[in-house]
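Quantities reported herein were computed from a predicted structural model and do not represent experimental measurements. Residue numbering restarts at 1 for every chain, and letters A, B, ... go by the order of the sequence lines.
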Amino acid sequence: MNLEETIISNIKDAFKKVFDHELTEDISLQPTRKEFEGTYTFVVFPFLRVTRKSPEESGAAIGDYLKENCDVVKDFNTVKGFLNLILTDNAFIDNINDIISNENFGTLPQKDERFCIEYSSPNTNKPLHLGHLRNNFLGYSTANILKANGYSVDKVQIINDRGIHICKSMVAYLKFGEGETPQSAGIKGDHLVGNYYVAFDKAYKQEIAALVADGMDEEEAKKKAPILLEAQEMLKQWEAGDKETVDLWKKMNGWVYEGFEQTYDRMGVDFDKYYYESETYLLGKDLVNEGLEKGVFYKKDDGSVWADLNEEKLDEKLLLRSDGTAVYMTQDLGTADQRYKDLNFDKSIYVVGNEQDYHFTVLFTLLKKLGKPFADGLYHLSYGMVDLPTGKMKSREGTVVDADDLMSEMVDTAREHTEELGKIDGFDDEQAKELYDTLGLGALKYFLLKVDPKKRMLFDPKESIEFQGHTGPFIQYTHARISAILRKADQLGIEYQKNISGSLEISDTEKDLIYLISEYHNKLKLAAEELSPAVIANYAYDLAKEYNRFYAELSILGEDDKDLRTFRVALSAQIARVINLSMGLLGITVPERM
RNA sequence: GGCCCCGUAGUUCAAUGGAUAGAAUAGGAGUUUCCUAAACUCUAGAUACAGGUUCGAUUCCUGUCGGGGCCA
């Protein structure tokens, strides 16, 4: 039982003994605000009906009981209905000792629950951009958080590798490509294919303009432009399995996948299983038939199939066109079913932008109506868009921030910054390069993960990514500082990995630090409940900030009292450990030196 | 038009219904014979508006205004 649980249990006893009342509801403690003395605060307002006394008297009665009966409570004060508990120094020492000796600290007991998490899920007609970075970092980090909570996790992505968009790139490549390859052009495959997608759009627009100039109505021109007709024809060829078309499709997608792999590698994300739409786009029709048989879907006179979701206030939804072709929803129904068969998950999380809120609400509702056993375990991790100062990113307007470019810029900035500060003494070239990667990507990941996923956020290319203040590098710097201390402590032969002994007088800042470390598991649980890496990101910042204050306030290696010196080194080591754990959950590495 | 999300310092972000709304950044003032100043300390500055529920509302409810998204 940890400190908080001990106190809660004693508070329950207090209610029993002092007020003769058995508390059935869960009670929780809050951290005491800085301006008051104490570590934990118990809010008594909600229990006044039980105590039948004033807030102050109620708090004092419980405080008296705890002071008398609870070993860890040294004293208390009450302000209005807030009971602030002051703990004994030993309580803190015991607490830090528990953590030092706990090899599994940072990992919660294994649970018998299996998660599937889908993220990234790109199209193969263009490279990854800033929005994908938020998506990937969120998905990857959330998977880490779930694993640390003791769940089994399968990371999957579904690649949108078919359809009219890829045919557009293919048509443009045939027209303008002249046999170019990523090797011959010297650019990544995903970028190369993306260029042809852009080339298609350009040619398409020119053709529309020409047709309109000849007197055609614009709407009609958009449908009749020859290059578009070619792309549509190519899609038919592809669906018919035409060898030449399929070969070209495989070749170009192969280039894209190579490019993507490089990007994922640099991002530091990975997947356990890949799904391809070309293999799943026909799934789902069986489910539609199943729905018809069960009477939850219906057929219109023209043969199209619909679901009536008016009861759920969601309108009517098309599931099969009159010609029998599927829509996205059909496919997603089939994919969900398939994935359940493959992975046997209890919970399945889709990391997809909030512009698709409606789509997923409908999807989950349909699966429930079909009586699928897994439907209740589906969850849409709906994250907000990343806005630029100019507004939303639009590929047509060239306002997309490319993922590869951005990562490179971040690493360059890290290098410039580090050189300016003259901090590369003693680094060889390879180490320096590694450090720039660590810092540049750390800054980027932290920036994108520190914000509540649900909220839209602003990315200002010029000002957003800083290396000072509430940033990844600030936390990384704290870790580097501690590492330096530990290196010296090793030289001095200080044994800081052992439990602390002796009676020590510890400062408020040190108590705050121990309190923060002891909160780690709570934060880990909270982050999993809310599927929010931001919880961890902000926690890591609080911890680093508090440590830097401690570092400035007190001398660690220079402390004369040997026991106190060992304690401070040991505390530092545990802070470094928790920083490492937290940042690891975010997919951010922390350097030993910087 | 219908539905959904969001409005917090100049700016970017915090705050399970709890105390005097926290940080960062930009602004002002300081700290280096001492463990890494990518740091620390001090200072000034915000809940869009109007009601309601509550002992207590940034948080919950209603309306208004503003921003974004989805469906046609």
Side-chain angles (χ1 to χ4, degrees), chain A residues 26 28-36 38 41-46 48-49 54-55 78-84 312-318 353-362 382-385 387 389 391-392 414 417-418 420-423 425 439 442-443 447 449-452 454-460 463-489 492 522 525-526 529-530 534-535 537-539 541-542 544-559 565 568-569 572 591-594:
Chain A
D26 276 343
S28 63
L29 299 176
Q30 301 172 12
T32 303
R33 293 187 68 109
K34 287 271 185 214
E35 58 265 39
F36 302 102
T41 294
F42 177 62
V43 183
V44 300
F45 286 115
L48 296 182
R49 255 171 302 152
S54 75
T78 58
V79 181
K80 290 186 264 182
F82 300 93
L83 171 62
N84 301 321
E312 289 83 3
K313 295 181 181 173
L314 288 171
D315 240 324
E316 294 178 6
K317 187 70 200 172
L318 176 69
N354 63 11
E355 59 204 350
Q356 297 206 38
D357 283 357
Y358 177 77
H359 176 82
F360 280 100
T361 309
V362 171
S382 162
Y383 64 92
M385 297 289 100
D387 281 325
K392 195 181 171 176
H417 225 77
T418 307
E420 246 173 59
L421 290 167
K423 294 232 178 185
D425 296 345
L439 296 179
F447 181 83
L449 288 174
K450 76 173 176 183
V451 181
D452 181 345
K454 291 193 286 295
K455 295 193 176 170
R456 49 188 298 147
M457 63 182 293
L458 185 80
F459 180 86
D460 186 332
E463 290 171 22
S464 283
I465 305 290
E466 299 284 339
F467 289 76
Q468 279 153 5
H470 188 177
T471 65
F474 171 87
I475 300 167
Q476 291 172 319
Y477 175 68
T478 309
H479 185 268
R481 272 184 148 181
I482 298 174
S483 299
I485 298 250
L486 297 183
R487 282 193 296 272
K488 286 176 188 161
L492 294 168
N522 284 340
K525 284 181 207 157
L526 186 63
E529 275 164 30
E530 299 189 351
V535 169
N538 287 304
Y539 167 78
Y541 173 69
D542 289 341
K545 183 153 181 58
E546 191 65 21
Y547 185 82
N548 279 314
R549 177 205 299 272
F550 161 72
Y551 186 94
E553 255 175 26
L554 299 165
S555 186
I556 299 165
L557 295 171
E559 170 58 43
R565 184 179 72 169
R568 286 183 185 157
V569 176
S572 300
E592 300 289 318
R593 291 184 294 161
M594 67 182 272

Partner residues of A:Tyr539 under the ring-ring contact (aromatic ring centres under 6.0 Å, His included) criterion, sequence neighbours left out: A:Tyr520
ring-ring contact (aromatic ring centres under 6.0 Å, His included) partners for A:Phe474, two or more places apart: A:Tyr541
Intra- and inter-strand pairs of RNA chain B in dot-bracket (Watson-Crick or G-U wobble, both distances under 3.5 Å; | for another strand): (((((((..((((....[...)))).(((((.......)))))....(((((..]....)))))))))))).
Length of the line joining [X]:[atom1] and [N]:[atom2], which is rounded to integer Å:
X	N	atom1	atom2	answer
A:Leu554	B:C40	CG	C1'	13 Å
A:Lys545	B:A39	NZ	C1'	9 Å
A:Arg481	B:U32	CZ	P	15 Å
A:Asp387	B:G7	CG	C1'	14 Å
A:Glu553	B:U32	CD	P	17 Å
A:Tyr383	B:C5	OH	C1'	15 Å
A:Asn548	B:U41	CG	P	9 Å
A:Tyr539	B:A23	OH	C1'	17 Å

Heavy-atom protein contacts under 4.0 Å, nucleotides 12-21 of chain B, coded B base, S sugar-phosphate only, - none: SSS-B-BBS-
Residue mapping more 5' on RNA chain B - nearest nucleotide basis, A:Lys488 or A:Thr478: A:Lys488
Rounded [atom1] spacing from [N] to [M] in Å:
N	M	atom1	value
B:A57	B:C34	C1'	49 Å
B:U64	B:G22	P	33 Å
B:C65	B:C49	C1'	7 Å
B:C40	B:G18	C1'	31 Å
B:A26	B:A9	C1'	11 Å
B:C71	B:G10	P	36 Å
B:C60	B:U53	C1'	8 Å
B:G28	B:A44	P	16 Å

Out of B:C70, B:U41, B:U36, whichever nucleotide has its closest atom nearest the side chain of A:Ala484: B:U36
Phosphate OP1/OP2 of B:A38 contacted by A:Tyr477 side-chain N/O (<4.0 Å): yes
Applying a 4.0 Å non-hydrogen cut-off, can you work out what [X] is touching in the nucleic acid: base, sugar-phosphate, or nothing?
X	answer
A:Tyr541	sugar-phosphate
A:Ser382	nothing
A:His359	nothing
A:Leu526	nothing

So, using side-chain contact (heavy atoms from CB on, under 4.5 Å) as the criterion, who are the partners of [X] when residues are at least two apart?
X	value
A:Ala443	A:Met410, A:Ile465, A:Phe467, A:Pro473
A:Glu316	A:Tyr298, A:Lys300, A:Trp306, A:Asp308, A:Asn310
A:Tyr551	A:Arg481, A:Ile485, A:Tyr547, A:Ile556

Nearest heavy atoms of A:Leu439 and A:Met594, plus distance in Å: CD2-CE, 3.7 Å
Closest non-hydrogen atom pair, A:Leu314 against A:Tyr358: O-OH, 2.9 Å
Those residues that, when tested against A:Lys454, pass salt bridge (charged side-chain N to carboxylate O under 4.0 Å, His left out) (two or more places apart): A:Asp452
Heavy-atom side-chain proximity of A:Asn84 to A:Arg33 below 4.5 angstrom: no
Minimum side-chain heavy-atom gap A:Pro55-A:Lys80 below 4.5 Å: no
What residues form a side-chain hydrogen bond (donor to acceptor under 3.5 Å, both in side chains) with [X], not counting sequence neighbours?
X	answer
A:Glu420	none
A:Gln468	none
A:Glu553	A:Thr509

Dump every N/O contact between nucleotides 26-31 of chain B and the protein below 3.5 Å, one line per pair.
none

